Amino acid sequence: EVKLVESGGGLVQAGGSLTLSCSASGFTFDDYAIAWFRQAPGKEREGVSCMRWSGGRSYSLDYMKGRFTISGDNAKSTVYLQMKYVRPEDTAVYYCAAGQRGLESNHACYPWEYNDWGQGTQVTVSS
């Protein structure tokens with residue numbers, strides 16, 4: 001059974017930094033993609049970053065270039081989202097998701113390509 005558990009959310013001041021973690025179990029990273037999505041109140045879920053492992057290599061896509069960076073530790077089965085220079089508009093529930101189709105055919109983080117989701121972690125940025 002695939003299980004994803006996010007942690008690291010909380011309250012942070014604008015301009016500050018925060019690192020989210022996604023602990024994964026029930027699968028190995030090879031030929032899988034893990035992504036971070038977020039959803040703010042009243043808004044649609046949007047992709048933040050995604051990363052795919054294949055043949056011992058990994059590649060990633062970060063939408064908030066220069067501010068948010070995804071990374072992974074295969075040995076620890078953990079994926080991170082490093083958030084820097086956060087803004088009030090980054091306030092949202094951040095979700096970790098896993099799927100075998102992510103980044104396989106499209107250079108984008110599409111939520112429909114991810115089958116398993118964590119429960120989410122709240123990030124609130126104060127101005």
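By convention here, the first residue in the shown sequence is residue 1. Model, not experiment: these values are computed from the prediction.
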Quick one: does Thr124's side chain get under 4.5 Å of Val12's, heavy atoms only?
no
Hydrophobic cluster membership, with links at side-chain heavy-atom distances under 4.5 Å among I/L/V/M/F/W/Y: are Phe68 and Val93 in one?
no
Disulfide bond (SG atoms under 2.5 Å apart) contacts touching residues 41-89 (sequence neighbours left out)
Cys50-Cys109
Cation over ring face, Arg52 and Tyr32, 6.0 Å, 45°
no
Counting only N and O atoms by type, is there a donor-acceptor contact under 3.5 Å from the side chain of Asp31 to the main-chain atoms of Gln100?
no
Which class fits the ring pair Trp117 and Phe37: parallel under 30°, tilted 30 to 60°, perpendicular over 60°?
tilted
Could you walk me through whether Glu6 and Trp36 pass the side-chain contact (heavy atoms from CB on, under 4.5 Å) check?
CA-CA 10 Å; Glu6 303 97 333; Trp36 287 98; 3.9 Å; yes
Are the side chain of Thr91 and the backbone of Glu89 linked by a donor-acceptor contact shorter than 3.5 Å?
no
Could Asp62 and Arg67 be called an ion pair, given the rule that one side-chain N must be under 4.0 Å from one carboxylate O?
no
With a 4.5 Å heavy-atom cut-off, do Leu81 and Ser49 have their side chains touching?
yes
Check step by step if side-chain contact (heavy atoms from CB on, under 4.5 Å) holds for Asp73 and Tyr80.
CA-CA 8 Å; Asp73 187 333; Tyr80 306 96; 4.1 Å; yes
Check this for me, if you would: do Asp90 and Arg38 make a salt bridge, where the nitrogen-to-carboxylate-oxygen distance has to be below 4.0 angstrom?
yes
Quick one: do Val123 and Met83 satisfy side-chain contact (heavy atoms from CB on, under 4.5 Å)? Show the steps, please.
CA-CA 10 Å; Val123 172; Met83 306 167 63; 4.0 Å; yes
Are side-chain N/O atoms of Asn106 and Glu113 paired as donor and acceptor at under 3.5 Å?
yes
